[in-house]
Amino acid sequence: MTHAIRIHQYGGPEVLTWEEVRVDAPGPGLVRIRQTAIGLNYIDTYHRTGLYKVPALPCVPGVEAAGVVEAIGDEVNGLAIGDRVAYAGPLGGYAESRLVPADRLVLLPPSISDRQAAAMMLQGMTAAFLLHQTFAVRPGDAILVHAAAGGVGLILCQWAKTLGATVIGAVGSPAKADLVAAHGCAHPILYTQESFVDRVREITNGAGVAAVYDGVGRSTFMGSLDCLKPRGTMILYGQASGPVEPFDPGLLATKGSLFLTRPTLFTYAAHRADLLNLAKLLFDVVAQGHVRVDIHQSFALCDAAEAHRALESRATVGSTILLP
């Protein structure tokens, strides 16, 4: 027997329970891995609360981890027992050991540690498709990143600077402003003390930004639209403050023929070739030293509820991992 965090009903952090679970031998196409580090992501709270419904309850939340291959099922190629691997999906990450479809696993290069991989697979590959595919950032572009001191935000700031963008980052405290300034953000904005819309207009001399990367949602969405230049792109990749209220799409026309998209990694990495491409982009930019993935907090896996409370209260910065 092994242990995992399970939820039996939707709710607050208190529904996360530490239990014994059974992990069977892997069937065709599956691999059993002993997990060494697990990523904490905001999507985990959506699964816990039921904002994003899981296939069935009870379930083990968590979509990202790294570990070592323990057993391999039939019809699996390219993996061997003892290989170091990581993944970003499917559900089931909050566990000491688990089964994972082999086609969702990525071999880790020697330059990437298990803990580093667990802290960056979902967030880093999200940043990869956001910057290279959802809106392809070009030298000279000005962009706005909300929650810039968060896990995705810090990676976005560093990577976008490497691509030649002018990065404006919205944060909630002076300490977070200092943090993002050290990670590629040219213009931190303290949204708790000033209007981020007014500051963006001031920084861009009234032109607006080419794209907004918004993982906050309800509380920032309408203001974000006002930060965009004509034909700018609004990228809503999360909703930490809650889902956006319904609105008339005609608003996009009146604000400058804007583009709006709600992308997810699970769409952009649905095919294995796409998954491997995103992972390579991430591993390369980290290996080159352009993006640094720092683990600012860690919790024991059995203390996942405490980790969720810290995340939802915005007490965390950068990446957080859970340790089995």
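Numbering starts at 1 and runs along the sequence shown.
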Under the side-chain contact (heavy atoms from CB on, under 4.5 Å) criterion, do Ile321 and Leu40 qualify, and how do the steps go?
CA-CA 5 Å; Ile321 59 172; Leu40 177 72; over 6 Å; no
Salt-bridged, [X] to [Y], with N to O below 4.0 Å?
X      : Y      : answer
Arg34  : Glu96  : no
Asp24  : Arg22  : yes
Asp141 : Arg138 : yes
Arg48  : Glu14  : no
Glu306 : Arg309 : no

Indicate, with yes or no, if the rings of [X] and [Y] have centres closer together than 6.0 Å.
X      : Y      : answer
Phe259 : Phe135 : no
His3   : Trp18  : yes
His183 : Trp159 : no

Return the orientation label for the Tyr268 and Phe129 ring planes: parallel under 30°, perpendicular over 60°, tilted otherwise.
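Parallel: the ring planes of Tyr268 and Phe129 meet at under 30°.
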Could you give me the CA-CA distance, side-chain angles and deciding distance for Tyr191 and His146, then say whether ring pair (Phe, Tyr, Trp, His ring centres under 6.0 Å) is met?
CA-CA 9 Å; Tyr191 70 84; His146 282 292; 7.8 Å; no
Side-chain H-bond candidate by donor/acceptor type, His296 with Thr316, under 3.5 Å:
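Side-chain D/A pair, His296 to Thr316: absent.
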Side chains of Glu19 and His8: donor-acceptor distance under 3.5 Å anywhere?
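Short answer, yes.
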Measure the CE-CG distance between Met120 and Asp294 for me, rounded to the nearest 0.5 Å.
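So the CE of Met120 and the CG of Asp294 are separated by 12.0 Å.
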